[in-house]
Number of protein chains: 2
Amino acid sequence: MTIKVIIADDHQLFIDGIKSILSKTIDIDTIGEASNGLQVIKLLENDIIPDVILTDIRMPIMDGISLTKIISKNYPQLKVLALSMFDQTIDVIEMLEAGAKGYVTKNVDKSELVSALHTLVKGDYFFSANLPENIQDWFQKENKYVKDTQLTKRETEILHLIVKGRTSLQMAKHLKLSKYTIDTHRKNIHKKLGIKSNTGLVNYALKHL
Amino acid sequence: MTIKVIIADDHQLFIDGIKSILSKTIDIDTIGEASNGLQVIKLLENDIIPDVILTDIRMPIMDGISLTKIISKNYPQLKVLALSMFDQTIDVIEMLEAGAKGYVTKNVDKSELVSALHTLVKGDYFFSANLPENIQDWFQKENKYVKDTQLTKRETEILHLIVKGRTSLQMAKHLKLSKYTIDTHRKNIHKKLGIKSNTGLVNYALKHL
DNA sequence: ATTCAAATACCTAATTATAGGTATATGATA
DNA sequence: TATCATATACCTATAATTAGGTATTTGAAT
């Protein structure tokens with residue numbers, strides 16, 4: 001259930017920042033860190049196997065692109081989430097070609113990072129909402145899709161009721177809908193947010209709504 | 001499940017303050033307000049029946065003590081929670097004699113008020129921790145007891161894990177305890193806080209811990 | 001020495017949540 | 001007009017929570 005993460009970046013301060021964000025989050029544990037791609041490979045060889053590798057693109061010794069190619073070949077079940085500065089859009093495309101499953105900018109906030117990790121673990125792709133247009137274009141060409149984690153009106157309404165402690169049956173009566181419908185919305189919320197439990201939803205809602 | 005409350009006070013500003021606090025709380029709805037005891041009786045006669053009546057002691061036309069006596073006689077299922085200023089300890093004792101089930105001072109904070117309401121609904125008594133000594137003495141004489149909502153170490157530990165989204169089974173494995181033990185702690189937390197659901201606990205914890 | 005809080009463990013039953021589906025109707029939009 | 005997002009509804013099965021008990025052990029306090 002817990003998402004295990006390895007962080008790779010040649011700036012220790014940045015690693016510490018991400019670790020700090022993730023340490024406060026349910027279901028996400030940082031199990032390793034590295035200052036370049038080669039160190040990530042060594043962690044993997046020592047059976048430190050994460051669910052997601054959060055990696056910078058430009059690093060000394062072995063960069064994120066080479067790392068991602070090796071991982072795509074030898075550890076295909078691992079998801080790579082690329083981190084980049086705004087000015088590295090060309091590198092980002094290379095990362096995606098190499099097999100990265102998502103991309104966030106380095107000024108990512110907590111909720112976005114958490115969403116990204118959950119999304120990747122589910123097997124979907126995740127991209128920052130504010131990603132440069134040429135990357136969007138590339139993805140449309142490549143027949144991929146950009147996730148949006150926007151809830152619909154109904155879903156938002158139901159999320160609020162969940163936070164208030166209502167059960168599916170109570171919501172169904174209140175909204176004059178079938179319990180089945182409520183549960184369907186609930187499942188769609190789970191899918192969109194990448195959060196599978198009621199307690200997680202309350203956490204998310206209180207922190208982000 | 002939702003706790004319905006009527007607020008009675010001759011100061012509208014104070015009613016508004018309490019309403020504002022309660023409106024932000026799960027499972028508590030303000031269904032009526034009154035500026036004196038007689039207005040409360042009229043609400044009850046119009047089938048506006050709350051679970052708890054939050055009432056000032058000194059009010060014009062009909063004070064909280066007379067109100068409480070009438071309620072104790074004609075609506076014994078309703079709980080009366082007395083509100084008072086610090087300087088009205090004699091009145092408070094009269095309220096309790098009249099049948100009030102709890103007492104909070106007017107500088108009550110949100111968490112205390114919510115605990116008080118939950119506690120009364122359960123059928124227990126609630127008294128502000130900082131209540132004057134002569135009232136404590138009176139209660140010891142009268143063989144009542146003062147609730148404390150302090151969680152033990154283990155309970156606090158488990159509450160935190162619940163907030164993190166762990167299930168009973170996960171916690172049992174993590175702490176090397178029986179699932180039965182976890183569930184017992186969980187039930188004791190429910191009892192102490194007067195909150196019966198997981199989502200409610202997460203709400204409580206994020207707001208008060 | 002006895003009482004008491006805290007922590008532990010077990011049992012049963014009912015309710016709720018989670019997860020995997022499928023399916024239909026509608027209104028917007030490409 | 002054909003597709004897509006949204007909202008609706010149903011079905012089954014398993015997991016988890018909630019609620020009602022009882023009971024034992026241990027360490028601290030009266």
Side-chain angles (χ1 to χ4, degrees), chain A residues 1 26-27 118 121-124 140 143 145-159 161-205, chain B residues 1 26-27 118 121-124 140 145-205:
Chain A
M1 203 85 169
I26 343 166
D27 284 334
H118 280 291
V121 165
K122 276 190 303 173
D124 294 329
Q140 286 181 352
N143 202 21
Y145 58 98
V146 175
K147 293 292 295 181
D148 67 349
T149 51
Q150 296 308 305
L151 299 182
T152 66
K153 270 189 190 177
R154 217 26 154 190
E155 287 163 355
T156 303
E157 184 179 18
I158 286 167
L159 178 54
L161 290 171
I162 289 172
V163 173
K164 287 215 164 203
R166 312 298 174 214
T167 65
S168 290
L169 207 56
Q170 288 172 336
M171 289 186 272
K173 282 175 187 167
H174 178 58
L175 300 173
K176 300 188 199 308
L177 292 174
S178 160
K179 176 189 170 298
Y180 292 123
T181 304
I182 303 295
D183 284 335
T184 299
H185 287 308
R186 197 196 271 272
K187 280 182 284 191
N188 289 334
I189 294 169
H190 287 172
K191 203 177 177 190
K192 282 190 180 177
L193 299 181
I195 297 171
K196 285 171 293 182
S197 75
N198 235 331
T199 53
L201 289 181
V202 176
N203 261 284
Y204 174 87
Chain B
M1 203 85 169
I26 346 165
D27 282 336
H118 281 291
V121 166
K122 276 190 303 170
D124 294 329
Q140 286 182 349
Y145 57 97
V146 176
K147 297 287 297 178
D148 67 348
T149 50
Q150 296 307 306
L151 299 181
T152 66
K153 270 190 190 176
R154 213 31 149 188
E155 287 162 358
T156 303
E157 184 178 19
I158 285 168
L159 177 55
H160 278 93
L161 290 170
I162 290 171
V163 173
K164 287 214 163 202
R166 311 300 175 210
T167 66
S168 289
L169 207 55
Q170 288 172 335
M171 288 186 271
K173 281 173 185 165
H174 177 59
L175 299 174
K176 298 187 200 311
L177 292 173
S178 162
K179 177 187 169 300
Y180 291 123
T181 303
I182 304 295
D183 284 334
T184 299
H185 287 309
R186 197 195 269 272
K187 282 182 283 189
N188 289 334
I189 294 168
H190 286 172
K191 203 177 175 189
K192 282 189 180 177
L193 299 181
I195 297 169
K196 287 171 292 181
S197 76
N198 236 332
T199 53
L201 289 180
V202 176
N203 262 283
Y204 174 87

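The sequence lines fix the lettering, A, B, ..., with proteins before strands; numbering per chain opens at 1. Source: prediction; values computed, not measured. These values consider heavy atoms only, across backbone and side chains, with no hydrogens, waters or symmetry-generated copies.
Distance Gln170(A) CD to dT15(C) P: 13 Å, rounded to the nearest Å. Atom CD1 in Ile182(A) sits roughly 19 Å away from atom P in dT15(C) (whole-Å rounding). As a whole-Å value, the separation of Asn198(A) CG from dT15(C) P is 18 Å. Distance NZ (Lys196(A)) to P (dT16(C)): 24 Å, rounded to an integer number of Å. Computed from coordinates, the Leu169(A) CG to dA9(D) P distance equals 14 Å when rounded to whole Å. Leu201(B) has its CG atom 14 Å from the C1' atom of dA16(D), to the nearest Å. Taking atom CG on Asp183(A) and atom P on dA9(D), their separation rounds to 12 Å, with Å as the unit. Atom CD in Glu157(A) sits roughly 12 Å away from atom C1' in dA7(D) (whole-Å rounding).
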Using nucleotides 24-30 of chain D, report all nitrogen or oxygen pairs with the protein that are shorter than 3.5 Å.
none

Output a table of nitrogen or oxygen pairs between the protein and nucleotides 10-12 of chain C separated by less than 3.5 Å.
residue, atom, partner, partner atom, Å
dC10(C), OP2, Ser178(B), OG, 2.9
dC10(C), N4, Thr184(B), OG1, 3.3

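Residues Leu201(A) and Leu193(A) form a side-chain contact, since some pair of their non-hydrogen atoms from C-beta on lies under 4.5 Å apart.
Using a 4.0 Å heavy-atom distance criterion, Asn188(B) is classed as making no nucleic acid contact. Looking at heavy-atom distances under 4.0 Å, His185(A) makes contact with a base.
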### Task
Please step through side chain to side chain contact (heavy atoms under 4.5 Å, CB included) for the pair His185(A) and Met171(A), ending with a clear verdict.
CA-CA 11 Å; His185(A) 287 308; Met171(A) 289 186 272; over 6 Å; no
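The phosphate of dA16(D) (OP1 or OP2) has no side-chain N or O of Ser168(B) nearer than 4.0 angstrom.
When the side-chain contact (heavy atoms from CB on, under 4.5 Å) test is applied to Thr167(A), the partners found at least two apart in sequence or on another chain are Leu169(A), Gln170(A).
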Solution key, residues 172-182 of chain A side-chain donor-acceptor pairs under 3.5 Å, sequence neighbours excluded:
residue, atom, partner, partner atom, Å
Ser178(A), OG, Tyr180(A), N, 2.9
Lys179(A), NZ, Asp183(A), OD2, 2.5

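When each of Leu159(B), Thr152(B), Ile158(B) is paired with Glu155(B), the side chain to side chain contact (heavy atoms under 4.5 Å, CB included) condition holds for Thr152(B) and for no other.
Comparing the helix axis at one end of the helix from dA1(C)-dT30(D) to dA30(C)-dT1(D) with that at the other, each defined from 5 consecutive pairs, gives an inter-axis angle of 40° (nearest 10°).
Listed for the Asn198(B) side chain is no donor-acceptor partner under 3.5 Å among the backbone atoms of Asn198(A).
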